[in-house]
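We count ligands from 1, going down the list as the structure has it; atoms in each ligand are counted the same way. Numbering of residues begins at 1 and proceeds along the displayed sequence.
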Amino acid sequence: MKFGGTSVRDAEAFARVGRIVATRRARHPIVVVSAMSRVTDTFVASAAAARALTDTPPQEIPASVRRIRKAHLDEAFARHREVAATLLSPSGRAEFDRTLLAAETEISDLLATFAVAADSMHGLLADTIVSHGERLSSALLAFVLRDTQGLPAVFLDARRCLVTDDNHGCAAPDFAQTSRRVESELVPLVEDGFIPVVGGFIGASLSGATTTLGRNGSDYSATIIGAAARASVVEIWTDTPGVLTADPRLVQQAKNVARLSYKEAADLARAGAKVLHPKTIAPLIEHGIPLHVRNSQAFEESGTVIFAGAAAPGAKSITLKRGLTSVQVTPALAGDDALFVELVCHATARHREDLDLCLISHAGALFVANDTAAASIAAEVEAGASVCVERHRALVTIIGERMNTDAAAHARLLRALEKAHVAAIVHGASTTGRSFVVEEAHAAEAVARLHRELFET
Ligand code: ADP
Ligand code: ASP
Ligand code: MG
């Protein structure tokens with residue numbers, strides 16, 4: 001059972017999580033929890049502010065650290081304290097207070113260390129600071145489960161289970177080591193009748209350095225741990241009634257999608273739907289573990305089931321990714337076709353992690369990526385081709401297995417996008433979707449219009 005930041009944003013939300021976990025007691029749950037909402041943002045901001053302390057004279061460091069704490073951290077600590085004061089027994093509160101004080105001291109020390117640390121240490125320092133978001137929320141939730149529901153919950157430091165490489169800020173899990181650790185550290189707790197509560201998003205390298213999996217990474221932690229423990233189901237409890245036909249922040253009329261295949265959900269997450277971290281599905285595949293996305297504020301709603309089999313045909317959801325740049329590459333008229341393809345393949349291979357779209361033919365190529373990666377691809381191919389770079393682009397993707405391909409439906413969708421200045425359409429590359437590159441300024445309207453066409457008529 002994974003609970004996101006909004007599901008533990010205040011005392012009322014923590015209490016709700018307690019009631020939900022209690023309903024699962026007989027099924028031997030493992031609980032994975034994110035930092036309280038906004039806490040990761042402010043901890044990240046504190047580390048960024050501390051980077052500026054490099055070469056600060058020693059006598060000025062304590063005052064600078066106090067300033068950073070006041071600007072970025074004190075409110076977050078106070079929110080934890082308030083939850084503890086509202087929900088915990090006096091002994092629970094005293095115990096959690098000690099955890100909180102230790103965290104405050106360690107974070108202050110880490111902030112001060114930035115002043116003297118080499119640049120190569122900054123990633124480790126930032127990850128260690130940020131990890132306290134999940135370390136605190138998981139410690140607190142274990143106390144809440146015990147004190148409000150009488151559940152046998154125990155805090156387990158995620159860094160003992162989730163083993164990663166040492167790529168700070170965006171670490172990759174070591175699945176084999178993690179499985180071993182989950183078997184030796186976590187599963188025995190479950191077998192002994194305890195409910196382990198683990199922070200999402202954080203891990204540690206084999207040498208013990210604290211790492212993080214990338215923003216929004218708790219979903220990924222949940223499926224990594226769920227797969228390693230051979231869970232019968234992974235539940236992601238969030239602030240929407242499941243996966244919806246569109247982001248409800250963009251389309252008020254968005255409706256729940258009852259079922260999605262792994263492929264549809266993975267493509268949706270990769271295409272930018274924030275409801276799932278892009279890598280969430282991968283760990284589930286080997287053992288065919290279903291993923292259930294549910295609303296922590298409305299327990300009675302059935303949510304979305306994401307499953308291993310083939311999906312029913314048809315459009316399921318529309319998603320939008322903003323802040324992109326497109327790079328159109330045209331070969332020289334007298335150039336060699338094969339060399340052109342080699343040039344663009346080479347340039348894009350180096351940026352494969354950042355590519356949102358990549359179309360290559362002998363007649364030309366089009367890439368869409370974040371601004372930095374796009375600029376660097378453009379610079380690399382410029383010598384052998386002509387290049388047109390356009391910023392402020394967005395990618396609108398419709399997800400759905402074997403979508404209706406009749407010409408009339410296709411024409412209706414294109415008409416819906418009339419004003420969005422469509423720069424490219426990708427249709428047929430994936431069996432589960434089609435994408436449109438549009439101007440960012442028109443993207444939200446494009447999503448709303450497509451939604452009307454596909455789901456409201
Ligand atoms: P959590 O804190 O639970 O991990 P997130 O904020 O990371 O929650 O993800 C949930 C948010 O994802 C929703 O509030 C919603 O705005 C956004 N979202 C984007 N696309 C979708 C979609 N297709 N269905 C549901 N939510 C979506
Ligand atoms: N707390 C982390 C973040 O805000 C991870 C997560 O919430 O999934 O990015
Ligand atoms: Mg999330």
Would you call D371 and R391 a salt bridge, taking side-chain N to carboxylate O under 4.0 Å as the test? yes

Looking at R81 and D97, would you say the former's side chain and the latter's main chain have a donor-acceptor pair under 3.5 Å? no

Apply ring-ring contact (aromatic ring centres under 6.0 Å, His included) to F143 and list each qualifying residue two or more places apart in sequence or on a separate chain. none

Can D74 and R66 be counted as an ion pair, charged N to O under 4.0 angstrom? no

Any sub-3.5 Å donor-acceptor pair from E439's side-chain atoms to R393's backbone N or O? no

Distance alone, cut at 3.5 Å: any donor-acceptor contact between the side chains of T210 and S131? no

the protein heavy atom lying closest to atom 8 (O) of ligand 1 turns out to be T238 OG1, 3.3 Å

Aromatic rings W237 and F3: how do their planes relate, parallel, tilted or perpendicular, breaks at 30° and 60°? parallel

Taking the six-membered ring for Trp and the single ring otherwise, decide whether the centroids of H122 and F114 are under 6.0 Å apart. yes

If you look at each N/O of ligand 2, which protein N/O atoms lie under 3.5 Å away, and at what distance?
{"unit_1": "ligand 2", "atom_1": "1 (N)", "unit_2": "T40", "atom_2": "OG1", "d": "2.7"}
{"unit_1": "ligand 2", "atom_1": "1 (N)", "unit_2": "E134", "atom_2": "OE2", "d": "2.7"}
{"unit_1": "ligand 2", "atom_1": "4 (O)", "unit_2": "T40", "atom_2": "OG1", "d": "3.4"}
{"unit_1": "ligand 2", "atom_1": "4 (O)", "unit_2": "R215", "atom_2": "NH2", "d": "3.0"}
{"unit_1": "ligand 2", "atom_1": "7 (O)", "unit_2": "S34", "atom_2": "OG", "d": "3.3"}
{"unit_1": "ligand 2", "atom_1": "8 (O)", "unit_2": "N216", "atom_2": "O", "d": "3.4"}
{"unit_1": "ligand 2", "atom_1": "8 (O)", "unit_2": "G217", "atom_2": "N", "d": "3.4"}
{"unit_1": "ligand 2", "atom_1": "8 (O)", "unit_2": "S218", "atom_2": "N", "d": "3.0"}
{"unit_1": "ligand 2", "atom_1": "8 (O)", "unit_2": "S218", "atom_2": "OG", "d": "3.1"}
{"unit_1": "ligand 2", "atom_1": "9 (O)", "unit_2": "R215", "atom_2": "NE", "d": "2.7"}
{"unit_1": "ligand 2", "atom_1": "9 (O)", "unit_2": "R215", "atom_2": "NH2", "d": "3.4"}
{"unit_1": "ligand 2", "atom_1": "9 (O)", "unit_2": "N216", "atom_2": "N", "d": "2.7"}

The Mg ion (ligand 3): protein N, O or S atoms that are less than 2.8 Å away, sorted by chain: N216 OD1

I'd like to know if E418 pairs up with R449 as an ion pair, taking the criterion as any Lys NZ or Arg NE/NH1/NH2 lying under 4.0 Å from an Asp or Glu carboxylate oxygen. no

Identify which of T319, D239, L250, D247 has a heavy atom lying nearest to atom 17 (C) of ligand 1. D247

Atoms of ligand 1 close to T6 [distance to a heavy atom under 4.0 angstrom, numbered from 1]: 2 (O)

Suppose we screen for side-chain contact (heavy atoms from CB on, under 4.5 Å). Which residues come up paired with P290, at least two apart in sequence or across chains? V233

Nearest-option assignment for atom 13 (C) of ligand 1, heavy atoms, candidates T240, T304, T40: T240

